[in-house]
Amino acid sequence: MKKEYFLRVYELVEQIPEGRVTNYGAIADALALGSARMVGWALSQSHQIEPLLPAHRVVNRKGELSGRHHFDPPESMAEQLRAEGIPIEDNAVLNFASYFWSPLEAIAQD
DNA sequence: GAGGTGACGTCGT
DNA sequence: GACGACGCCACCT
């Protein structure tokens with residue numbers, strides 16, 4: 001069961017509220033994965049399984065859209081974030097700290 | 001069964 | 001402050 005650990009990342013990312021963003025490290029910490037790389041890797045896997053996953057709400061520690069290149073139209077990641085009211089500039093989230101959403105909240109509710 | 005990969009993060013120089 | 005190297009661990013070939 002635990003082998004499908006990426007499903008946990010899946011569930012968590014799925015709970016990211018609209019207009020909010022989070023980073024890989026926060027998810028890794030929330031799930032006690034121990035490595036943010038696992039989150040990025042998990043998202044890359046989940047992307048092909050469930051494209052509906054709001055992976056565009058997950059960025060790196062600097063708020064940069066590091067995974068934009070994995071989207072079909074790479075710029076769609078920023079477009080979707082902007083559509084949710086999140087300002088994007090130079091492929092990075094402005095006021096990232098202000099829009100940051102802690103995945104721990106999702107776990108707390110669960 | 002062993003090696004390589006990866007949407008990152010932290011520490012050291 | 002910017003750049004480089006290492007660690008981290010599940011999944012794939």
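In what follows, chains carry the letters A, B, and so on, assigned in the order in which the sequence lines appear, proteins first and then strands, with residues in each chain numbered from 1.
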Value in whole Å for how far the P atom of dG9(B) lies from CG of Leu31(A):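 Value for this atom pair: 14 Å.
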Looking only at heavy atoms, what is the nearest atom pair of [X] and [Y], with distance?
{"X": "Ala42(A)", "Y": "Tyr5(A)", "value": "CB-OH, 4.1 Å"}
{"X": "Ala30(A)", "Y": "Pro103(A)", "value": "CB-CG, 3.8 Å"}
{"X": "Trp101(A)", "Y": "Ala106(A)", "value": "CH2-CB, 3.6 Å"}

Leu31(A) vs Ile107(A), side chain to side chain contact (heavy atoms under 4.5 Å, CB included): CA-CA, chis, key distance, verdict: CA-CA 9 Å; Leu31(A) 297 177; Ile107(A) 295 180; 4.3 Å; yes
Who passes salt bridge (Lys or Arg N to Asp or Glu O under 4.0 Å) against [X], sequence neighbours left out?
{"X": "Glu64(A)", "answer": "Lys62(A)"}
{"X": "Arg82(A)", "answer": "Glu79(A)"}
{"X": "Glu84(A)", "answer": "Arg57(A)"}

Qualifying salt bridge (Lys or Arg N to Asp or Glu O under 4.0 Å) pairs with a residue from residues 18-47 of chain A, counting only residues at least two apart or across chains: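 Sorted pair list comes back empty.
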Qualifying salt bridge (Lys or Arg N to Asp or Glu O under 4.0 Å) pairs, either residue in residues 66-77 of chain A, two or more places apart: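 Non-adjacent pairs meeting salt bridge (Lys or Arg N to Asp or Glu O under 4.0 Å): zero.
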Under-3.5 Å N/O pairs linking protein and nucleotides 5-8 of chain B:
residue	atom	partner	partner atom	Å
dG6(B)	N7	Arg37(A)	NH2	3.1
dA7(B)	OP1	His70(A)	NE2	2.9
dA7(B)	O5'	His70(A)	NE2	3.2
dA7(B)	N7	Gly40(A)	O	3.2
dA7(B)	N7	Ser44(A)	N	2.7
dA7(B)	N6	Leu43(A)	O	3.3
dA7(B)	N3	Gly67(A)	O	3.3
dC8(B)	N3	Arg37(A)	NH1	3.1
dC8(B)	N4	Arg37(A)	NH1	2.0

Members sharing Phe96(A)'s hydrophobic cluster (side chains within less than 4.5 Å):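 Noted: Phe96(A) shares its cluster with Val21(A), Val59(A), Leu65(A), Phe71(A), Met77(A), Leu81(A), Ile86(A), Ile88(A), Val93(A), Tyr99(A), Phe100(A).
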Contacting residues from residues 90-101 of chain A, given that a heavy atom lies under 4.0 angstrom of DNA chain B: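 Residues of residues 90-101 of chain A that come under 4.0 Å of DNA chain B do not exist, since none gets that close.
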Residue of the set Ile16(A), Val13(A), Leu12(A) for which side-chain contact (heavy atoms from CB on, under 4.5 Å) holds with Thr22(A):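 Testing each of Ile16(A), Val13(A), Leu12(A) against Thr22(A), the sole residue satisfying side-chain contact (heavy atoms from CB on, under 4.5 Å) is Ile16(A).
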Rounded distance (nearest 0.5 Å) linking atom CG of Leu7(A) with atom CD of Glu14(A):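 One gets 10.5 Å once the value is rounded to the nearest 0.5 Å.
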Which protein N or O atoms sit under 3.5 Å from an N or O of nucleotides 11-13 of chain B?
none

Pull out every protein N or O sitting under 3.5 Å from an N or O of nucleotides 3-5 of chain C, one pair per line with the distance.
none

Strand DNA chain C as a dot-bracket string - pairs counted if Watson-Crick or G-U with both distances under 3.5 Å, | where the partner lies in another strand: .||||||.|||||
Side chain to side chain contact (heavy atoms under 4.5 Å, CB included) against Ser35(A), all qualifying residues, sequence neighbours excluded: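 Partners of Ser35(A) by the side chain to side chain contact (heavy atoms under 4.5 Å, CB included) criterion, ordered by chain and then number, come out as Met38(A).
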